[in-house]
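Counting begins at 1 with the first residue of the sequence. Since this is a predicted model, take the numbers as computed values, not measurements.
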Amino acid sequence: MKKINGFSHFYTSVFNNAEFESRAHLLLRIILVLSGTLEMRIGGKKYEISEGYGAFITSLVSHSFHSEKPNSFRLIEFSREHLDGVFSYVKGKKVINHIFRFSSVVRCSLGEYIDEKGFYEDESRINAVLAPLAYEIGAQCEFESASADSSMLLKILDYMEEHFNDDISLSSVGAVLRVHPVSVSRTISQNTGGTFNYCLRHIRCTYAARQIVFGGMTVSEIAFDSGFGSIRSFNRAFLDVYGMTPKEYRAAFTKTPKKYK
């Protein structure tokens with residue numbers, strides 16, 4: 001199994017009265033309401049989340065943010081790689097209750113280990129923030145075993161995340177997992193509403209975003225290192241996923257994002 005340096009993703013920022021219409025993402029997200037009330041839809045269900053409460057959203061669960069009432073919230077998002085650590089209990093599980101109350105311990109860890117916004121690559125700092133969150137989410141949120149179809153989806157995604165910069169396809173993934181390519185395609189579409197190429201594009205762009213910020217490579221080098229066949233296809237995919245070009249992303253990453261897609 002191949003390990004890709006730099007694939008780990010951890011990003012956080014604070015938003016005020018924000019509205020995001022979101023599709024399902026491959027990243028996991030934690031929302032912490034700092035003041036007011038945040039309205040969300042998670043998996044088609046409506047929630048009103050008050051100050052001191054949060055929401056835990058796993059990969060490929062559709063969600064959106066609304067702000068009819070004043071609010072401030074912190075967004076934390078991280079890659080599925082972290083499921084091998086403090087969130088290992090989430091593997092193979094489906095979240096049926098997303099809401100939890102966060103304590104002063106979480107507030108202190110946030111204040112001590114991360115700044116107002118930004119990307120982080122220091123695993124010790126990341127784990128210092130995720131560990132108390134994982135404990136409280138595990139104690140308060142409810143989980144159930146994923147269906148056989150969901151388990152197959154996780155196997156598909158695991159393989160894609162380990163081999164995304166190879167020339168992989170529905171056929172090659174199916175061959176490794178010993179299932180028909182049509183079954184791979186159906187599993188992805190039925191569980192995510194997207195396609196194989198949609199998931200692969202997001203995985204590659206997540207890796208590329210980290211390399212743009214921390215890798216020290218040119219945009220052209222990043223494009224090919226991420227598995228894209230051309231700079232043009234890379235630019236087009238990155239714009240679709242992040243709402244800006246790779247060069248714009250590199251110029252803006254230290255600034256407060258104008259929007260987050």
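Glu248 places a side-chain N or O within 3.5 Å of a backbone atom of Thr245 that can act as its donor or acceptor partner. Although no hydrogens or angles enter the test, the distance criterion places no donor-acceptor pair under 3.5 Å between the side chain of Ser88 and the main chain of Asp84. Within the 3.5 Å criterion, the main-chain N or O of His9 finds no donor-acceptor partner in the side chain of Glu81. Within the 3.5 Å criterion, the main-chain N or O of Phe56 finds a donor-acceptor partner in the side chain of His98. Under the 3.5 Å distance criterion, the side-chain polar atoms of Asp166 are left unmatched by any main-chain donor or acceptor of Ile168. Remark: the backbone N or O of Gly227 is paired with a side-chain donor or acceptor of Arg204 at under 3.5 angstrom. Under a 3.5 Å cut-off, the side chain of Asn71 and the backbone N or O of Lys69 do form a donor-acceptor pair. Without hydrogens or angle criteria, Arg41 side chain to Ser64 main chain gives no donor-acceptor distance under 3.5 Å. Under the 3.5 Å distance criterion, the side-chain polar atoms of Glu221 are matched with a main-chain donor or acceptor of Thr218. Side-chain atoms of Asn17 do not come within 3.5 Å of backbone N or O of Ser67 as any donor-acceptor pair.
The two residues Arg201 and Val241 come nearest to each other via the heavy atoms CG-CG2, 4.3 Å. Contact record, Gly54 with Ile49: N-CG2, 4.1 Å, taken as the closest heavy-atom pair. Annotation for Ala209 and Tyr249: closest pair CB-OH, 3.6 Å, computed over non-hydrogen atoms. Nearest heavy atom pair, residue Val173 against residue Val184, reads CG1-CG1, 4.3 Å. In this structure, Cys199 and Ile188 approach most closely via the heavy-atom pair SG-CG2, 3.8 Å. Among all heavy-atom pairs drawn from Phe164 and Ile203, the shortest one is CB-CG2, 3.6 Å.
Note on Phe100: it clusters hydrophobically with Leu83, by side-chain heavy-atom contacts below 4.5 Å among ILVMFWY residues. When hydrophobic clusters are built by joining Ile, Leu, Val, Met, Phe, Trp and Tyr residues whose side-chain heavy atoms come closer than 4.5 Å, directly or via intermediates, Phe143 is grouped together with Val86. Taken together through direct or relayed side-chain contacts under 4.5 Å among Ile, Leu, Val, Met, Phe, Trp and Tyr, Ile137 and Ile114 form part of one hydrophobic cluster. Linking Ile, Leu, Val, Met, Phe, Trp and Tyr residues whenever their side-chain heavy atoms come within less than 4.5 Å leaves Leu154 and Ile156 in two separate clusters. Val105 and Leu130 end up in different hydrophobic clusters when Ile, Leu, Val, Met, Phe, Trp and Tyr side chains are linked at under 4.5 Å.
Separation of the Tyr11 and Phe78 ring centroids does not fall under the 6.0 Å cut-off. Here the two rings, on Phe73 and Phe65, have centers that are under 6.0 Å apart. Between Tyr89 and Tyr135, the ring center distance fails the sub-6.0 Å criterion. Remark: aromatic rings of Phe238 and Phe234 are close, center separation under 6.0 Å.
A side-chain donor from one of Thr12 and Arg74 sits under 3.5 Å from a side-chain acceptor of the other. The closest side-chain donor-acceptor pair between Ser124 and Asp122 falls under 3.5 angstrom. Looking only at atom types and distance, the side chain of His63 has a donor-acceptor partner in the side chain of Arg29 under 3.5 Å away. Thr37 and Glu51 share no side-chain donor-acceptor pair at under 3.5 Å.
Put simply, the side chain of His202 does not reach to within 4.5 Å of the side chain of Cys205, judged on heavy atoms. Annotation: side chain of Val219 is not in contact with side chain of Ile212 (no heavy-atom distance under 4.5 Å). Looking only at side-chain heavy atoms (C-beta outward), Ser145 and Lys94 stay at 4.5 Å or farther from each other.
Within 6.0 Å of the OH atom in Tyr53, the count of heavy atoms belonging to other residues, nucleotides or ligands does not exceed 12.
Ion pairing of Glu161 with Arg80 is present here, as a side-chain N (NZ or NE/NH1/NH2) and a carboxylate O approach within less than 4.0 Å.
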